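Notes for the one structure printed next.
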Number of protein chains: 2
Amino acid sequence: MSSLREVAKQANVAVSTVSAALNGTRPVAAATRARIELAAADLGYRPNLLARGLVSKRTGILALLYPAPNRGFGLTEMQFATSAAEAASEAGYHLLLSPDKSDPVAELRHLTGVGLIEGVLLMEVRLDDERVDHLVAAGTPFSMIGRTRQPAGISYADIDFAATARDAVDHIVGLGHRTLAFLNHSPDAYAALYGPTVRCAEEFAVAAGDRGVEYLGDLHADSVEQGRAAFEWLATNRPDVTAVAVMNDHAAVGVLGAVADRGWRVPEDLTLLLVLSSVEVARMFHPRLTTLEPPSAELGRLGARMLIDQLQPDAGEGKTPRQQLVPCRLVVGESSGPPRRGAETGVPE
Amino acid sequence: MSSLREVAKQANVAVSTVSAALNGTRPVAAATRARIELAAADLGYRPNLLARGLVSKRTGILALLYPAPNRGFGLTEMQFATSAAEAASEAGYHLLLSPDKSDPVAELRHLTGVGLIEGVLLMEVRLDDERVDHLVAAGTPFSMIGRTRQPAGISYADIDFAATARDAVDHIVGLGHRTLAFLNHSPDAYAALYGPTVRCAEEFAVAAGDRGVEYLGDLHADSVEQGRAAFEWLATNRPDVTAVAVMNDHAAVGVLGAVADRGWRVPEDLTLLLVLSSVEVARMFHPRLTTLEPPSAELGRLGARMLIDQLQPDAGEGKTPRQQLVPCRLVVGESSGPPRRGAETGVPE
DNA sequence: TTGTATGCGTTATCAA
DNA sequence: TTGATAACGCATACAA
């Protein structure tokens, strides 16, 4: 409420001196500085961000761009947002929540056009993402949670899918399993270009290959019914499969249901792994599922930090983008066990 | 990027005329208005929000205050945020995410002090809430999702707990139940003043009384173990109880586990109700649980709308606060059934 | 070491 | 109907 001018008057100095003293932007005599700080504290002075931003082009506002929650915006995505907001707040920045509905690029153009935004934090980045192209072209500082197919030169924090897959495969190999089925998201237009969907499948295949584990990909389920169907198909056609990794929580519900219907039990007859789900969710199952929990909070925090680092004036133009991968945390639940005996029998072909 | 001045030059008029034409703030000749609009579109003009806010005190930015997600930040809370953001965006406003960590009032003072915020949307409102007191005292426009003990004069959108409890009780009465146990949150310092915790318990008691259903309150569980313990206590001491309503998802997991251990089944031997959980969550259970789903998206939207309405200049000072209650949606799952036969036997005392 | 003056892009108050 | 012009609160180049 109180302006720089009022502080100046109260401290008997010029406005510019107050500004300098408070921002440390030029040397100020210790005595006057003390007077100024006293006056400022006394009046409860707060610099007006609008005025400051108007002249300095630095608003301290970051935009978090997330897709409209058509595709399940879950706990994980929320964690990105809240931890990013927290990291921003710790650095003196503010985070603006920007749902991009129909036209993300238009929304982006608007946000930067009105001079509100200093930088953008991108969520739910796809392998090919028009938002990225636009931001690069416009020269707007940004960083990503997730990454495009070719993220060279762009700051991002993403899941280390390779390490995650290795951990998962090592886990089941340690239990004695020799085959692994991977239930991915349904191959709709979205999943086809969605980073986690694509990369998880790839890296699980690689990790399985490295460990000599037979890998069954090409299975998909995004609902209870589809999960159920997928397991039934497996039980019929590949009864030798002893371990299943599932990307979608509801699909896991279906698998568990089908397993029970068949008179099987988890983990005695089947080892079930949740991929990219929080322990919070894994705990809702009975038995408590083993899960690869995404480092959501850390990714959100990292993404925000990276963006903020870019915005620091001393960062210069020759700044190297930071790119960081963080593996999921393997949290072993009650759904992990050795393969059932005699699983080799009944292998078709 | 391009300023009002450039548009003015291009259209051969004064800046003030451009401003007037674009904002409709004073009559402008049709011809010149056309010229101006053409020039503006041509240059891709966007009004600078900082400059505008500096003079008009209207920034178009709303702050969403939410508690640091220590206490389970679930799907529900997430929905508030996203739907509020969406509603704000539709009205041309922006939503700032403000985690209030240690000192919410200081955070609030900061936000309004720097002139960034036009109004505040409060989440997780408690029966006695210092943030509310501060906002009222400071004269900052705000609205609440949830409400305090005495919300007179303040705009809010909250759950209609009375209607919700009635629906729930009617549901089980319709099935033939005569007793209902209510598993509330654990009575820690937080829950003691948390609206839903308190109001749900009260209204369930009232609704049960109205329908002649025996009500067992004073039960609490916020974890799997506590849920398990609670059910075991019930089975031992009140084997006549045939229906249980649970506030906490994890507690429900515990109840289900204990039910199974006892050789009982849901819904044959016990009807289980989730209270204030999304179907998304209810579906994760086996059997799929009946739930009273909170109208999160609607509340978020309503809260934002109410705040925005307050901010309209034509709202005047004599504006009546809007207060709206929305009941939960009863979604019947597979955990609802008639009471088991012979439940009356074995009633202690 | 400090003060003066100018401008950032708008809106709003005047005259014209 | 339109055009100057003064704020809004701050940062900064320049003068003292």
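All figures in this text were calculated on a predicted structure; none of them were measured in a lab. These values consider heavy atoms only, across backbone and side chains, with no hydrogens, waters or symmetry-generated copies. A, B, ... follow the sequence lines: proteins, then strands. Residue 1 opens every chain.
Of the candidate nucleotides D:dT12, C:dG9, C:dC8, C:dG9 has the atom nearest to the side chain of B:V55. With C:dT11, C:dG9, D:dA11 as the choices, the nucleotide that has an atom nearest any side-chain atom of A:N23 turns out to be D:dA11. With distances taken from any side-chain atom of A:R26 to the nucleotides D:dT12, C:dT13, D:dA13, the minimum falls on D:dA13. The side chain of B:Y45 sits closest to C:dT10 out of C:dT10, C:dG9, D:dC10. Nearest nucleotide to the side chain of A:T25, out of C:dT4, C:dT10, D:dT12: D:dT12. Distance from the side chain of B:V13 is smallest for D:dG3 among the nucleotides D:dA11, D:dG3, D:dG9.
Atom CG of B:L54 and atom P of D:dA11 are 12 Å apart (whole Å). One can place CG of B:L43 at 14 Å from P of C:dG9, the figure rounded to the nearest angstrom. The nearest whole Å value for the distance from the CG atom in A:L50 to the C1' atom in D:dC10 is 11 Å. Taking atom CZ on A:R52 and atom C1' on D:dC8, their separation rounds to 16 Å, with Å as the unit. Spacing between atom CD of B:E6 and atom P of C:dT10 amounts to 9 Å, rounded to whole angstrom units. D:dT2 atom C1' lies 19 Å from atom NZ of B:K9, rounded to whole Å. Following rounding to the nearest Å, A:I36 (CD1) and C:dT1 (C1') show an atom-to-atom distance of 11 Å. The CG-P distance, from A:N48 to D:dG9, rounds to 7 Å in whole Å.
The base of C:dT13 does not come close enough to the side chain of B:S16 for any donor and acceptor atom to sit less than 3.5 Å apart. Side-chain atoms of B:R5 and base atoms of D:dG3 include no donor and acceptor less than 3.5 Å apart. Side chain A:S56 to base D:dA11: no donor-acceptor pair is found below 3.5 Å.
In summary, A:E90 and A:R301 engage in a salt bridge, as defined by a charged side-chain N under 4.0 Å from a carboxylate O.
Between B:L96 and B:L111, the closest side-chain pair of non-hydrogen atoms falls below 4.5 Å. Between A:R58 and A:R52 there is no side-chain heavy-atom pair separated by less than 4.5 Å. Taking the side chain as every heavy atom from C-beta outward, A:L122 and A:V125 approach each other to under 4.5 Å.
Mapping A:T17 and B:T32 onto DNA chain D via the closest heavy atom, the residue that lands nearer the 5' end is B:T32.
Nucleic acid contact for A:V15: none, since no nucleic acid atom lies under 4.0 Å from a heavy atom of the residue. A:R46 comes within 4.0 angstrom of sugar-phosphate atoms only, judged by non-hydrogen atoms across all strands, and of no base. Among the atoms of the strands shown, only primed sugar atoms or phosphate atoms (P, OP1, OP2) are found under 4.0 Å from some heavy atom of A:L4.
Here the shortest heavy-atom pairing between A:L127 and A:R147 reads CD2-O, 4.3 Å.
Between B:K57 and C:dT10, a side-chain N or O to OP1/OP2 separation shorter than 4.0 Å is absent.
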- Item | Stepwise side-chain hydrogen bond (donor to acceptor under 3.5 Å, both in side chains) test for A:Y194 and A:E124 | CA-CA 8 Å; A:Y194 185 51; A:E124 296 273 298; 2.9 Å; yes
